[in-house]
Amino acid sequence: MDLNEILRVRREKLDTLKKEGRNPFDMTRFDREYTAKELLDNFDKFQDKEVSLAGRIMAKRIMGKASFCHIQDGLERIQLYVRVDELGEDSYSEFKKYDIGDIVGITGLTFVTHMGEKSIRVKSMVLLTKSLQPLPEKFHGLKDMDLRYRQRYVDLIVNPEVKSVFITRAKIIKAIREYMSNLGYLEVETPVLHNQATNANARPFCTHQNTLDIDMYLRIELELNLKKLIVGGLDKIFEIGKVFRNEGMDTRHNPEFTLMEFYEAYGDLYTMMDRAEQIYCYVADNVLGTRQIDFQGQIINLESPWRRLTMIEAVKEYSGVDFDSFTLDDEAAKKAAKEKNVHVESHWNWGMILNAFFEEYVEKNLIQPTFIYQYPIEISPLAKRNKDKPHLTERFEFFILASEMGNAFSELNDPVDQKERLIAQAKSKFGEYEFTIDEDFINALEIGMPPTGGMGLGVERMIMLFTNSSSIRDVMFFPTMKPESNG
RNA sequence: GGGACAUUAGCUCAGGCGGUAGAGCACUUGACUUUUAAUCAAGGUGUCCGGAGUUCGAGUCUCCGAUGUCUCACCA
């Protein structure tokens, strides 16, 4: 064994305890009355009362016959004052052997130190878990991003702000559920394993079911199954679930992420615009208590109404090119693209080039919440056509911090038009990966889906905004990592 | 996929022109009964990310590879 001194000493301490019949791993239970947070928040009520609590030793200051240490439980850190004359010679010398990282249970009296810190004067202490590895340094914490993601449990112990991000994450998702439930939405769950790779321009993950001996796909969206439920008469539904996209990874994309989709029968994209504003404001009010959010020094104002621009208006404003002046003229669009240095492929048409202009000139400017609506039909196969402009759709996306935060439309419910558009999309994807049409979805539309508004929200993007996080990896406990090689 | 940067003790980091590796925390021993990044004294940390090359000699220079961070590209 080539263990270094720190590891060796801790193992020897454990061996000694085992030999003396006091193996800490034999402990099964410790009845703690309070958490550190409960004690600290209501400290006056406990003045000079005996309490019990448990936690991990995070710092130790031994001063001969008396010592201070800090223990940390789920939410807070509290100071212990340990004296030999209160604990007894044997227990006190045991305590001196405890290491930072060990987990102890204690009883003691609350008191305030001369320096004014709320503390516990310990009457008894028992070792509940022996830590065999050293924790990172108390002052700098764990900084190495690779280690923080791979050993998130250590990150959570030593970097308190990390825990706070994930507590906020949980509050956000709880608030979303509350809001949807208050509006009469039913939460549903649909399968993660799909038989077909359908819809959405994203490559799927493939897997295999052994009993049926069939290839299956991890879902890349929730959309088609939820719309089938709308057909089935569940008029207001939402799902919050993991989806999987086999695409690039960066600070805004992780291969698996949490998507929320919701559908409301008899609503349309304007209903969905209201919902987007309302959800963000409800979460802001309930989680942060303000609708002005400080993100890396920029103040994001979530107060509704948000700015609403058609894609054509937005492109005109930020690039100076008016696509209304050459509607559906592919050659004029290509000429404009050349003049404005927008990269286009030879087979692209007016709508695709409009979208390219949007991505090149507009998206990066959309810092404050902004709805962009009337997307071109070529890139919106599941949205209804605009009645007056059939080359555009009743679709919007909304942007905050130049990032797409959600995507919504008046759902296309014409089964004939839908099938044609899915076939067109499938053809355009031919050869890239296997892509098929969900005939059952078409069948459902033939049974009849009411006019419906639907939206998808990237939950991590929202959490990033609310937790001031610049990377999606900072709001996921275990982001996707390459396996460590043996070098 | 391209580019830049990083990788040295358990952690955070320093290592000038190529000459057998350094600090703080943590750890061990001792002192200390209100400290809080406790203090004081003493002690030893190591596959310098991996591999190859240049060299009398490589943590340092060159090449190949690994992982990460940022960034560009791709991506509803």
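Naming: A, B, ... by sequence-line order, numbering from 1 per chain.
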**Q** Does U35(B) have its OP1 or OP2 closer than 4.0 Å to a side-chain nitrogen or oxygen of R61(A)?
**A** no
**Q** Do F244(A) and F257(A) have ring centres separated by under 6.0 Å?
**A** no
**Q** Look at the side chain of E5(A) and the base of G44(B), then say whether one donor and one acceptor between them are separated by less than 3.5 Å.
**A** yes
**Q** Work out how far the C1' atom of A23(B) is from that of G44(B), and round it to whole angstrom.
**A** 14 Å
**Q** With a 3.5 Å cut-off and heavy atoms only, can you find an N or O donor on one side and an acceptor on the other between the side chain of R8(A) and the base of U45(B)?
**A** no
**Q** When you measure from the centre of the six-membered ring of F477(A), is the NZ or CZ of R152(A) closer than 6.0 Å and no more than 45° off the axis?
**A** no
**Q** Just to be sure I understand the rule, does E117(A) reach a base, reach only the sugar-phosphate, or reach nothing, if contact means heavy atoms closer than 4.0 Å?
**A** base
**Q** Hey, does the side chain of R148(A) come within less than 4.0 Å of G68(B)'s phosphate (OP1/OP2), counting only N and O?
**A** no
**Q** If you measure from the C1' atom in U34(B) to the same atom in G30(B), how many Å do you get, rounded?
**A** 22 Å
**Q** Within 45 degrees of the axis of the six-membered ring of F111(A) and under 6.0 Å from its centre: does K118(A) put its NZ or CZ there?
**A** no
**Q** Is there a donor N/O on one and an acceptor N/O on the other, under 3.5 Å, for the side chain of D85(A) and the base of U33(B)?
**A** yes
**Q** Among U36(B), G68(B), C70(B), which nucleotide has an atom closest to any side-chain atom of R150(A)?
**A** G68(B)
**Q** Does a side-chain N or O from K138(A) land closer than 4.0 Å to OP1 or OP2 of A26(B), or not?
**A** yes
**Q** If you compare every side-chain N and O of K96(A) against the phosphate oxygens of U29(B) (OP1, OP2), does one of them come in below 4.0 Å?
**A** no
**Q** Nearest to the side chain of H114(A) - A26(B), U34(B), C11(B)?
**A** U34(B)
**Q** Do N468(A) and Q296(A) pair up side chain to side chain, a donor and an acceptor below 3.5 Å, judged on atom types alone?
**A** yes
